[in-house]
Amino acid sequence: MTKPLITKNLRSSPNVPKPASGRSKALENPSELDLIRTIRQKAASRDSGVRLGIGDDCAILRPRAGEEMVVTTDFSLEGVHFRRDWHSPESVGHRCLARGLSDLAAMGARPVAAFLSMSLPTKLAGANEGSWLARFLDGMMRLADTHSIPLAGGDTAQSPRMDGAGNPHTPSAAFDIVLIGAVKQGHAFLRSGARAGDVIYVTGSLGGSAAELLQLSKKPRSFSRFRNADENHPHLYPSPRVAVGLKLAASKHRVHSAIDLSDGLSTDLTHLCEESGLAAEIDASALPIHSLADLAEAQKLAPSALQLALNGGEDYELLFTAPKWTPIPRRIAGVGIHPIGQMTALRRGERPQIHLHQPDGHSDTIAPAGWEHFRRK
Ligand SMILES: [Mg+2]
């Protein structure tokens, strides 16, 4: 059974009274209060639509008139989404929030509030500056500040030190983040909105995250010094395209559908094809391939840069579709926008799928092949 350190919305739990209560249990376990204080300090609100943040039974959000709320939730699990011997705590915190922000971007939503629940081994949960948790929060809050999203609540627990049968068990870190966003009523981009003839666009470049992960897996120690968000580290510090999503949503030019590229182009575009009941034609030579993917191919870390761009995953770029006649700029919010193909009606008996056209005129149907990074071996 896990021991709750902080109850809902990160207020002091009933068995951890406030220091004012004198000789209380809090004095026996001051680190719990320190931990709450550390989280509250680091989350100190940069207000947006949050009327009441950490400290009460619930947070209170204040939606604007004419808006709808969008909600996304993501796990970040040690050994599945990150490794403590590969990723710095700052990178884990950044990536944990980036995944949710990317989902908000895909809906064209404005970030409103984040809620973080965590289960941590005791040795990581120190309240002091420099502890694993403090550095995790630093990484997360730096990205949160960039996107003006406050941490408005959450929950913490100690990771279990035994399994359900009472056998000793190595505790690991787990995070669940919930992000709330807001979008003008009826204006959220959906996966199901694509139409035959739409041009398919992607932002930024593809394959960089998988390529950096390949490098990281070879020499994890040389990556531990990268503690700050940097565009040149697409795996450690991905840049969710929130500003692009907002500009597209605010523009009079119509975007029909969107999805973020978290699992890899081949998988995510297939999701969009399925939801819209269409097929997609992709021009291989039009794919914006990240320079790190080219480098991985040159170093023989991957069979080809194209494979990393198609299947790599975790690029957190946006894919969206818009009618041909819609003028889409080449750059939005400083990010390159690339047309890569078009949506087509399903031929008789055809399943929603992707056809990839090679420069030599050869065409292939490609299967969804995005991978889960830590499950490959
Ligand atoms: Mg998504």
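Numbering of ligands and ligand atoms starts at 1, following listing order.
Between Glu67 and Arg110 there is a salt bridge, with a side-chain nitrogen of the basic residue lying less than 4.0 Å from a carboxylate oxygen of the acidic one. A salt bridge does not link Arg99 to Glu314: none of the charged side-chain nitrogens sits closer than 4.0 Å to a carboxylate oxygen.
Judged as a side-chain hydrogen bond (donor to acceptor under 3.5 Å, both in side chains), and not counting sequence neighbours, the contacts of Ser363 are His357. The side-chain contact (heavy atoms from CB on, under 4.5 Å) test applied to Gln353 returns Glu350, His355, Thr365, not counting sequence neighbours.
Within the protein, the N, O or S atoms lying under 2.8 Å from the Mg ion (ligand 1) are Asp103 OD1, Asp260 OD1.
Sorted by first and then second residue, the salt bridge (charged side-chain N to carboxylate O under 4.0 Å, His left out) pairs with a member in residues 356-368 form an empty list; sequence neighbours excluded.
Checking Phe136, Phe75, Phe115 one by one against Phe175, the ring-ring contact (aromatic ring centres under 6.0 Å, His included) holds for a single residue, Phe136.
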